[in-house]
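I have placed the structure first, in the form of structure tokens, so that the comments after it can refer back to it.
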Amino acid sequence: MPDDDSAHVEREPRHADGLTHTEGTDVTVAVDRVEVGGTYVRVSTIGEPGTRAFVLVAGLGVASTYYERLAPNLNEFGPVHGLDLPGFAGVRKFRGAVSIERYADAVEAVIDALGLDDPVLVGHSMGAQVVTEVAARRPSLSDIVLISPVVDADARTVSESMVRFLQSAWHEPSAVRFHAVTAYVLCGWHWFHKVLPKMLRYPIEQRADAVQARTLIIRGERDALVPRDWLRKLARVFPYAVLREVVGGAHSVMHAQADAVAALAVAHVRGELTDRGVSSLQRVSDTTTAKDLDRLDWSDAWLIVKSRILELVGMARGDDRTLEAGKSAHAAAMADTEAPDTDVADLADDAADSSDVVTPAEGGPAEDALTAPERDAPQTQEQVERDARRAR
């Protein structure tokens with residue numbers, strides 16, 4: 001990572017609120033495959049080359065398309081790779097038993113096949129479980145981002161999870177609902193039903209203490225699947241955790257509030273989010289992402305519809321070239337023409353009284369510090385050396 005701060009000024013993350021016209025826009029999404037255990041992982045890559053990549057792992061039944069508004073904003077240190085795991089998005093299913101651990105094997109295979117050096121792993125929902133498992137196995141990883149990590153230890157039943165999912169879905173934008181419906185159709189009920197129990201039983205809190213990476217955990221304010229108390233419980237287990245809540249967000253906060261999530265993720269990797277532990281739970285606002293689609297003219301809107309159909313056809317047929325064309329056309333339609341300067345400080349929720357977020361019902365930050373002393377413990381020698389490498 002460059003030492004000169006001016007590099008950040010010259011190449012700010014691209015934000016999805018500058019959508020106007022796509023004429024002359026050159027945006028390419030490369031689609032490739034990494035063979036794993038009799039099947040493969042589909043890898044969709046966007047962004048400029050660099051020394052450190054982001055790797056995006058989606059949740060149960062869905063495709064990397066869920067990250068379409070987040071991915072372009074993460075091209076700060078290197079390319080962004082979105083993964084379609086076996087059984088999802090038209091990718092051939094695993095043979096035999098399936099588990100979160102097996103999905104972690106697949107992600108590790110991608111990391112090794114692409115030769116990625118200390119990538120930033122980003123997981124959403126069940127993808128957060130997969131990322132946690134990978135990070136627990138690979139203590140050399142420096143940073144991970146968990147978005148809407150499931151499942152709340154107090155609600156690990158199908159019925160309770162379904163009720164909470166529907167409560168969250170009520171607050172999702174129509175685009176997310178469309179993605180969900182088409183993704184679940186491609187996944188199929190049989191495979192979804194096969195993986196769901198594995199997700200519900202995976203004890204993320206029991207693997208968290210093995211994660212040495214600095215961990216940013218993000219939830220949406222209206223995410224019933226991932227309540228605040230659950231994030232606080234996770235913060236007490238991860239050796240290094242930073243917590244944030246996005247105002248107005250639901251379970252798929254990385255889509256509807258992509259700018260805020262991207263700014264937080266990049267700031268986290270830069271080491272700019274210095275608070276940590278249970279009392280670090282703060283609210284942030286996104287005032288740009290929700291407005292971006294309103295700026296599309298009819299030609300761009302029609303291009304998005306056509307490219308989305310092309311993507312679905314490519315997924316259904318297992319045709320990577322068709323899928324690549326659809327993803328590239330969609331990315332071009334969504335590309336920014338003028339990326340505004342965005343600082344994580346601009347996300348502060350000044351209008352909200354954050355005391356109800358920062359202070360748990362059972363006590364304030366001082367009490368939390370006492371109940372989770374490991375959060376304030378000195379860094380291990382390995383963590384000190386890793387931070388020194390990151391600073392260089």
Side-chain angles (χ1 to χ4, degrees), residues 13 15-16 54 56 59 67 69-70 73-74 76 120-125 127-128 131-132 135 142-150 152 168 171 204 208 211 213-290 342-360 365 368-369 372 375:
H15 292 276
F54 274 84
L56 313 181
Y67 287 114
R69 297 168 82 180
L70 180 69
N73 301 328
L74 297 178
E76 175 71 4
V120 182
L121 304 187
V122 180
H124 170 251
S125 196
V131 166
T132 298
S142 298
D143 303 283
I144 62 174
V145 179
L146 307 181
I147 305 169
S148 309
V150 294
D152 183 356
S168 298
H171 300 287
I204 186 173
V211 175
R214 300 186 316 140
T215 304
L216 169 63
I217 307 178
I218 303 173
R219 77 176 291 267
E221 176 188 27
R222 297 171 174 173
D223 187 357
L225 270 170
V226 185
R228 291 171 184 165
D229 287 346
W230 170 235
L231 257 66
R232 294 187 179 110
K233 290 177 182 177
L234 286 180
R236 290 187 172 97
V237 185
F238 279 96
Y240 191 117
V242 179
L243 308 180
R244 290 294 186 271
E245 176 179 282
V246 182
V247 175
H251 192 59
S252 299
V253 63
M254 77 292 184
H255 188 280
Q257 286 83 20
D259 288 358
V261 174
L264 288 171
V266 170
H268 173 66
V269 177
R270 287 179 182 168
E272 296 173 355
L273 305 182
T274 56
D275 56 339
R276 58 190 289 199
V278 176
S279 61
S280 70
L281 182 54
Q282 299 177 17
R283 291 162 62 95
V284 299
S285 296
D286 188 320
T287 60
T288 57
T289 309
T342 300
D343 189 275
V344 71
D346 297 334
L347 303 174
D349 181 31
D350 297 329
D353 177 7
S354 61
S355 61
D356 64 325
V357 177
V358 176
T359 306
D368 287 326
R375 300 287 74 80

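By convention here, the first residue in the shown sequence is residue 1.
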Between R244 (side chain only) and L216 (backbone N and O only), is there a donor and an acceptor less than 3.5 Å apart? no
Separation of F238 CZ from L146 CG (nearest 0.5 Å): 5.0 Å
Grab the two heavy atoms, one from P239 and one from A208, that are nearest each other, plus how far apart they are. CD-O, 3.3 Å
Specify the closest pair of heavy atoms between A128 and I147, including all atoms of both residues, with the distance to one decimal. CB-O, 4.4 Å
Roughly how far, to the nearest 0.5 Å, is OG1 of T274 from NE2 of H268? 12.0 Å
N/O donor-acceptor pair under 3.5 Å between W230 side chain and P149 backbone: yes
Measure from the side-chain N and O atoms of R228 to the backbone N and O of R219, and report whether any donor-acceptor pair falls under 3.5 Å. no
Check step by step if side chain to side chain contact (heavy atoms under 4.5 Å, CB included) holds for D275 and Q282. CA-CA 10 Å; D275 56 339; Q282 299 177 17; 3.0 Å; yes
Atom OG of S252 and atom CG of L70: how far apart are they, to the nearest 0.5 Å? 11.5 Å
Given L56 and L74, is the side chain to side chain contact (heavy atoms under 4.5 Å, CB included) satisfied, shown in steps? CA-CA 10 Å; L56 313 181; L74 297 178; 3.8 Å; yes
With rounding to the nearest 0.5 Å, note down the distance linking CG in L264 to CD1 in I218. 5.0 Å
Is it true that a side-chain atom of E221 and a backbone atom of G248 form a donor plus acceptor pair closer than 3.5 Å? yes
Write down the atom of P227, the atom of D152, and the distance for their closest heavy-atom approach. CG-OD2, 3.4 Å
Flag, side chain of T215 to backbone of A213, donor-acceptor distance under 3.5 Å: yes
About how many Å separate CG of L121 and OG1 of T132, when rounded to the nearest 0.5 Å? 9.5 Å
Do any N or O atoms from the side chain of D286 and from the backbone of A260 form a donor-acceptor pair under 3.5 angstrom? yes
Test side chain to side chain contact (heavy atoms under 4.5 Å, CB included) applied to S148 - qualifying residues, sequence neighbours left out: H124, D223, V226, H251, V253
Specify the closest pair of heavy atoms between Y67 and G123, including all atoms of both residues, with the distance to one decimal. OH-C, 3.6 Å
Working to the nearest 0.5 angstrom, can you tell me the gap between L234 CG and D229 CG? 11.5 Å
Taking all non-hydrogen atoms of both residues, which atom of A235 and which atom of A241 are closest, and how far apart? CA-CB, 4.0 Å
If you define the side chain from C-beta out and look only at heavy atoms, does anything of V278 sit under 4.5 Å from R236? yes
Could you go through E76 and V269, starting from their C-alpha distance and side-chain angles, then the distance that decides it, and tell me whether this counts as side chain to side chain contact (heavy atoms under 4.5 Å, CB included)? CA-CA 10 Å; E76 175 71 4; V269 177; over 6 Å; no
